[in-house]
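Structure first, commentary second.
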Amino acid sequence: MDTTTTLLVTAAVVAAVLLAVAVGLLVRLVRTRRTLRRAGLPTGPRWVFWGAVAYLLLPTDLLPDPVYLDDIGVLLLALRSLRAARPLPGETTGP
């Protein structure tokens with residue numbers, strides 16, 4: 001194998017691993033939102049959830065798509081904001 005082939009294979013493996021991490025975080029984000037809604041807890045602003053999903057799926061990114069680091073960052077921020085959501089004063093949080 002020459003160096004060009006080795007470099008391309010390495011880049012493809014790194015891109016595949018980053019994509020797998022991004023998809024795994026997307027699944028965690030959806031599960032967290034679903035769990036919070038079932039428990040009657042607030043899930044934060046809807047735009048945070050849908051914005052993170054759209055950012056992952058849309059082709060326009062801050063970094064080109066073989067580099068999923070920006071997508072992973074957006075998903076982590078959305079997951080963190082969902083988990084940090086607190087009920088507003090006077091709201092009930094379930095049965």
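Because the structure is a prediction, the values reported are computed rather than measured.
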Set of residues satisfying side chain to side chain contact (heavy atoms under 4.5 Å, CB included) with respect to L8, sequence neighbours excluded: T4
In terms of hydrophobic clusters joined by side-chain contacts under 4.5 Å, are V17 and L7 together? no
Taken in chain and number order and not counting sequence neighbours, the residues that satisfy side chain to side chain contact (heavy atoms under 4.5 Å, CB included) with L77 are none
Rounded to the nearest 0.5 Å, the CG atom of L76 sits from the CG atom of L25 at a distance of 5.0 Å
Do V23 and L18 sit in the same hydrophobic cluster, where Ile, Leu, Val, Met, Phe, Trp and Tyr count as joined when their side-chain heavy atoms come under 4.5 Å apart? yes
Do V27 and I72 belong to the same hydrophobic cluster, where Ile, Leu, Val, Met, Phe, Trp and Tyr are linked whenever their side-chain heavy atoms lie under 4.5 Å apart, directly or via other members? no
Could I get the full list of side chain to side chain contact (heavy atoms under 4.5 Å, CB included) partners for A52, not counting sequence neighbours? L29, V74, L75, A78
